[in-house]
Amino acid sequence: MRGCLDGQALRRAFMIAAIVGPILTVINQWEAVTGPASFSLLKAGLSAAVPFCVSLSSCFLMLYKQCAEADHF
C-alpha cells in the first residue's frame, strides 16, 4: 500500500480527478449547469473523489498482483 501513497501515485490520482471530476460534474449536474436546478457541492465533490479513489485502488491492485506473482517464483 505504501507504493500507492508515494508522491507520484498521489500526483497521478489528483491529475485524473482534476480532469475526470469536472466532466462527471457536468454530466451529473447538467440541469444545474444549464438551467434553474440547484448546484450540489456534495455531488461535485463526489464526482472528483470517485476517479481519485479508482486511480489509487487500481495502483494498489497492480502492486498486490506484482507482489503475489513475485512470491510464486
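Below, each value reflects all heavy atoms present in this structure, side chains not excepted, and no hydrogens, waters or symmetry copies. Along the sequence shown, residues are numbered consecutively beginning with 1. Predicted, not measured: the structure shown is a model, and the values here were computed from it.
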Please name the pair of heavy atoms, one in N28 and one in S47, separated by the smallest distance, quoted to 0.1 Å. ND2-OG, 3.5 Å

E31: side chain to side chain contact (heavy atoms under 4.5 Å, CB included) partners, not counting sequence neighbours: A37

Under the ring pair (Phe, Tyr, Trp, His ring centres under 6.0 Å) definition, can you give me all pairs with a residue in residues 21-51, not counting sequence neighbours? none

Mark yes or no for whether S55, through its side chain, and P51, through its backbone, hold a donor-acceptor pair below 3.5 Å. no

Rounded to the nearest 0.5 Å, how far apart are [atom1] of [X] and [atom2] of [Y]?
X   : Y   : atom1 : atom2 : result
L24 : Q29 : CG    : CD    : 11.0 Å
S38 : K43 : OG    : NZ    : 8.0 Å
S40 : L46 : OG    : CG    : 8.0 Å

Distance-only check: which donor-acceptor pairs under 3.5 Å involve side-chain atoms of residues 8-19, not counting sequence neighbours?
none

Residue pair V26 / P22, side-chain heavy-atom distance below 4.5 Å: no

